[in-house]
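Below you'll find the structure, written out as structure tokens, and then a few comments.
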Amino acid sequence: MKKILYPILILFVLVPLGLLSENPAWAEWDNEYYQEALGFIPKGIENAFHLRALAPDYTIDGLNDVIAYYLSGMLGVALIFGIFYFLGKKFAR
């Protein structure tokens, strides 16, 4: 269990590095980005089902943007770790 905690802690520390980039994260493009980059918006993306995000654009009302970004990343890592941890417990028998 301790072996997995070190990479997770490293990910928590590295989360804010995304703030240094001027470009959007992979696959987090809006329709305007596709229009600019490709010259058109693919039909599958234009008509895609859109979900309401828990923290849209990694912001949380009432929090500093950098802190909200950091918390969003930590929450994502924790959720993914938790899902795989419980799946491993359930199916590893």
Side-chain angles (χ1 to χ4, degrees):
M1 180 70 172
K2 288 184 180 181
K3 288 181 183 180
I4 192 70
L5 290 179
Y6 293 121
I8 290 174
L9 288 174
I10 290 170
L11 288 174
F12 281 162
V13 171
L14 296 178
V15 163
L17 290 179
L19 293 173
L20 300 177
S21 175
E22 293 179 8
N23 298 318
W26 175 257
E28 293 187 1
W29 308 300
D30 54 12
N31 287 351
E32 291 81 25
Y33 183 82
Y34 286 107
Q35 183 66 41
E36 182 181 317
L38 301 175
F40 68 98
I41 302 169
K43 288 187 190 267
I45 292 172
E46 189 174 26
N47 301 322
F49 177 72
H50 297 283
L51 296 173
R52 180 167 145 49
L54 294 174
D57 295 328
Y58 304 103
T59 59
I60 300 171
D61 289 338
L63 281 180
N64 176 296
D65 286 347
V66 174
I67 293 171
Y69 184 87
Y70 199 84
L71 287 175
S72 295
M74 289 178 21
L75 177 63
V77 170
L79 284 172
I80 291 170
F81 175 76
I83 289 168
F84 281 97
Y85 178 78
F86 288 116
L87 286 174
K89 287 282 192 181
K90 182 173 177 115
F91 294 114
R93 296 178 185 180

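If you read the sequence from its start, that first residue is 1, and numbering goes on from there. All values reported here derive from a predicted model rather than from experimental measurement.
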Measure across Ile60 and Ser72 and return the closest heavy-atom pair with its distance rounded to 0.1 Å.
CD1-OG, 4.5 Å
Shared ILVMFWY cluster between Leu71 and Ile80, side chains joined below 4.5 angstrom?
no
With rounding to the nearest 0.5 Å, note down the distance linking CG in Asn31 to CD in Glu36.
13.0 Å
Mind checking what makes ring pair (Phe, Tyr, Trp, His ring centres under 6.0 Å) contact with Tyr70, not counting sequence neighbours?
none
Under the ring pair (Phe, Tyr, Trp, His ring centres under 6.0 Å) test, which residues partner Tyr33, sequence neighbours left out?
Trp29
How close do Glu46 and Ile41 get, counting heavy atoms only, and between which atoms?
CB-CG2, 3.7 Å
Phe84 reachable from Val77 in the ILVMFWY side-chain graph, under 4.5 Å edges
no
Say you draw a straight line from OG1 of Thr59 to CD1 of Ile67; how long is it, rounded to the nearest 0.5 Å?
13.5 Å
If hydrophobic clusters are built by linking Ile, Leu, Val, Met, Phe, Trp and Tyr wherever their side-chain heavy atoms come under 4.5 Å apart, do Ile4 and Leu75 end up in the same one?
no
Are there over 12 heavy-atom neighbours, none belonging to Phe86, within less than 6.0 Å of that residue's CZ?
no
Tell me the closest heavy-atom pair linking Ala68 and Leu63, and the distance in Å.
CB-CB, 4.2 Å
Among the clusters formed by ILVMFWY side chains lying less than 4.5 Å apart, do Ile45 and Phe40 turn up in the same one?
yes
Hydrophobic cluster identity match, Tyr69 and Leu79, side-chain contacts under 4.5 Å:
no
